Undergrad: 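I am attaching a structure below and will ask some questions about it afterwards.
Since this is a predicted model, take the numbers as computed values, not measurements. Quick note: numbers below take in every heavy atom, side chains included, and nothing from hydrogens, waters or symmetry partners.
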Amino acid sequence: MTIKIICAGKVKEKYFRDAIDEYSKRLSRYTKLVIEEVADEKTPENASEHEETLIREKEGERMLKRIAPGDYCIAMTIPGRAYSSPQMAAHLDRLMGEGKSSIAFIIGGSLGLSDEVIRRADEEMSFSKLTFPHQLMRVILLEQIYRSFRIIHHEPYHK
C-alpha cells in the first residue's frame with residue numbers, strides 16, 4: 001500500500017517540516033508514504049477571478065502529472081465529505097480491502113484545487129468547513145492517516 005500526498009508549494013516553516021517528518025516516520029511502519037510537491041504560483045495582490053482560475057489551472061496541471069492511472073484519488077476540498085476519525089479509518093481499510101494499492105490525497109495551494117483535479121478525483125474529502133493554510137493541512141492530513149492506521153490495527157491512540 002502506498003499513500004501519496006500531492007500538494008502545491010514547499011513547506012517553509014521548520015515547525016511544520018518537523019511535524020511532517022515525525023508523522024512520516026510513524027507512518028513508515030504501516031505504509032509507504034510519498035509526498036510530492038509541485039511548484040506553486042505566486043498570486044498577485046488583488047488578483048482577478050480569472051487570474052486566480054489560471055493559477056489553479058497551472059498548479060492543477062502539475063498535480064495531474066503526478067497522479068498515476070491506478071491511483072485512487074482523494075481531493076481535499078472544503079465541500080467534500082467529512083468523516084470522523086473512525087469513519088476515515090474504516091474507509092481507508094475498505095479501499096485497501098478492495099485492492100487499491102495507491103491512494104493519492106491532493107492538497108491545493110492557497111487558492112484551492114482546479115476543476116480538472118476535482119474532476120479527476122474519485123472523491124472529495126473535507127476536514128472542516130474552515131480554511132487551513134495548505135502547509136498546516138499536510139500536518140493535519142498526515143496525523144489523521146496515522147490515526148487511521150492505528151485504529152485499523154486496533155492500537156491505542158489518544159482520543
Side-chain angles (χ1 to χ4, degrees), residues 1-11 16-17 19-41 43 49 52-153:
M1 158 62 56
T2 300
I3 298 285
K4 285 185 191 178
I5 298 178
I6 302 171
C7 41
K10 296 205 175 294
V11 175
F16 286 143
R17 286 194 316 268
I20 290 166
D21 290 345
E22 178 63 27
Y23 283 111
S24 297
K25 185 175 83 178
R26 290 181 187 192
L27 277 165
S28 68
R29 350 179 357 213
Y30 302 104
T31 188
K32 178 182 176 187
L33 176 67
V34 177
I35 298 176
E36 298 192 23
E37 296 176 330
V38 302
D40 57 346
E41 295 289 318
T43 304
E49 191 172 315
E52 290 183 356
T53 299
L54 290 175
I55 289 168
R56 280 191 298 273
E57 287 174 356
K58 285 179 185 176
E59 291 174 350
E61 286 172 13
R62 294 179 191 125
M63 291 178 172
L64 289 168
K65 289 178 182 172
R66 304 292 181 99
I67 302 170
D71 287 346
Y72 184 87
C73 190
I74 301 174
M76 302 304 298
T77 64
I78 290 173
R81 180 174 177 195
Y83 292 91
S84 67
S85 294
Q87 288 170 332
M88 182 174 170
H91 183 54
L92 291 178
D93 195 35
R94 182 180 59 78
L95 291 173
M96 291 184 287
E98 291 173 356
K100 307 288 190 244
S101 61
S102 181
I103 300 172
F105 291 89
I106 316 299
I107 302 173
S110 61
L111 299 176
L113 294 170
S114 70
D115 291 341
E116 293 81 10
V117 170
I118 293 172
R119 278 194 295 275
R120 165 56 182 91
D122 295 289
E123 70 173 280
E124 293 178 57
M125 182 182 289
S126 175
F127 282 170
S128 174
K129 295 210 179 291
L130 300 172
T131 302
F132 295 108
H134 55 283
Q135 299 93 336
L136 177 58
M137 191 61 223
R138 290 185 212 183
V139 176
I140 295 169
L141 176 59
L142 285 168
E143 189 281 334
Q144 285 299 304
I145 293 169
Y146 174 68
R147 183 182 297 266
S148 291
F149 277 104
R150 298 288 293 189
I151 291 168
I152 290 165
H153 290 89

Undergrad: Can you list everything that forms a ring-ring contact (aromatic ring centres under 6.0 Å, His included) with Phe149? Sequence neighbours excluded, please.
TA: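 Phe149 satisfies ring-ring contact (aromatic ring centres under 6.0 Å, His included) with Tyr30 only.
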
Undergrad: Name all residues meeting the ring-ring contact (aromatic ring centres under 6.0 Å, His included) criterion together with His91; count only those two or more places apart in sequence or in a different chain, and write none if there are none.
TA: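 By the ring-ring contact (aromatic ring centres under 6.0 Å, His included) rule, His91 matches Tyr83.
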
Undergrad: Output all residues satisfying salt bridge (Lys or Arg N to Asp or Glu O under 4.0 Å) with Lys32, sequence neighbours left out; order by chain, then residue number.
TA: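 Here no residue qualifies.
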
Undergrad: Going by salt bridge (Lys or Arg N to Asp or Glu O under 4.0 Å), name the pairs with one or both residues in residues 126-136, residues two or more places apart or in two chains.
TA: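 Matches after skipping sequence neighbours: none remain.
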
Undergrad: Do the side chains of Ile106 and Cys73 get nearer than 4.5 Å, heavy atoms only?
TA: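 Heavy-atom side-chain distance check passes, below 4.5 Å.
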
Undergrad: Got more than 12 heavy atoms from elsewhere within 6.0 Å of CZ, Arg81?
TA: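 No.
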
Undergrad: Taking the basic N atoms (NZ, or NE/NH1/NH2) and the acidic carboxylate oxygens, is any pair closer than 4.0 Å for Glu22 and Arg26?
TA: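 Here Glu22 pairs with Arg26 in a salt bridge, since their nearest N and O are under 4.0 Å apart.
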
Undergrad: Is there side-chain contact between Pro79 and Glu124, with at least one heavy-atom pair below 4.5 Å?
TA: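 Touching, per the 4.5 Å side-chain cut-off.
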
Undergrad: Output all residues satisfying salt bridge (Lys or Arg N to Asp or Glu O under 4.0 Å) with Glu123, sequence neighbours left out; order by chain, then residue number.
TA: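 Residues passing salt bridge (Lys or Arg N to Asp or Glu O under 4.0 Å) with Glu123: none at all.
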
Undergrad: Nearest 0.5 angstrom please: Leu113 CG to Ile78 CD1, how far?
TA: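 Taking CG in Leu113 and CD1 in Ile78, the distance rounds to 10.5 Å.
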
Undergrad: Atom CG in Leu136, atom CD1 in Ile20: separation rounded to 0.5 Å?
TA: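 That separation rounds to 9.5 Å.
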
Undergrad: In sequence, state the C-alpha distance, the side-chain angles, and the governing distance for Arg62 and Glu41, and then conclude on salt bridge (charged side-chain N to carboxylate O under 4.0 Å, His left out).
TA: CA-CA 11 Å; Arg62 294 179 191 125; Glu41 295 289 318; 2.4 Å; yes

Undergrad: Give a yes or no on whether Glu98 atom CD has more than 12 heavy-atom contacts from other residues, nucleotides or ligands under 6.0 Å away.
TA: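 Counting neighbours around CD of Glu98, more than 12 heavy atoms of other residues, nucleotides or ligands fall under 6.0 Å, so yes.
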
Undergrad: Does a side-chain heavy-atom distance below 4.5 Å link Arg120 with Met63?
TA: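 Contact flag for Arg120/Met63 side chains = no.
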
Undergrad: Side chain to side chain contact (heavy atoms under 4.5 Å, CB included) with Ala19: which residues, sequence neighbours excluded?
TA: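 Result, side chain to side chain contact (heavy atoms under 4.5 Å, CB included) vs Ala19: Val139.
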
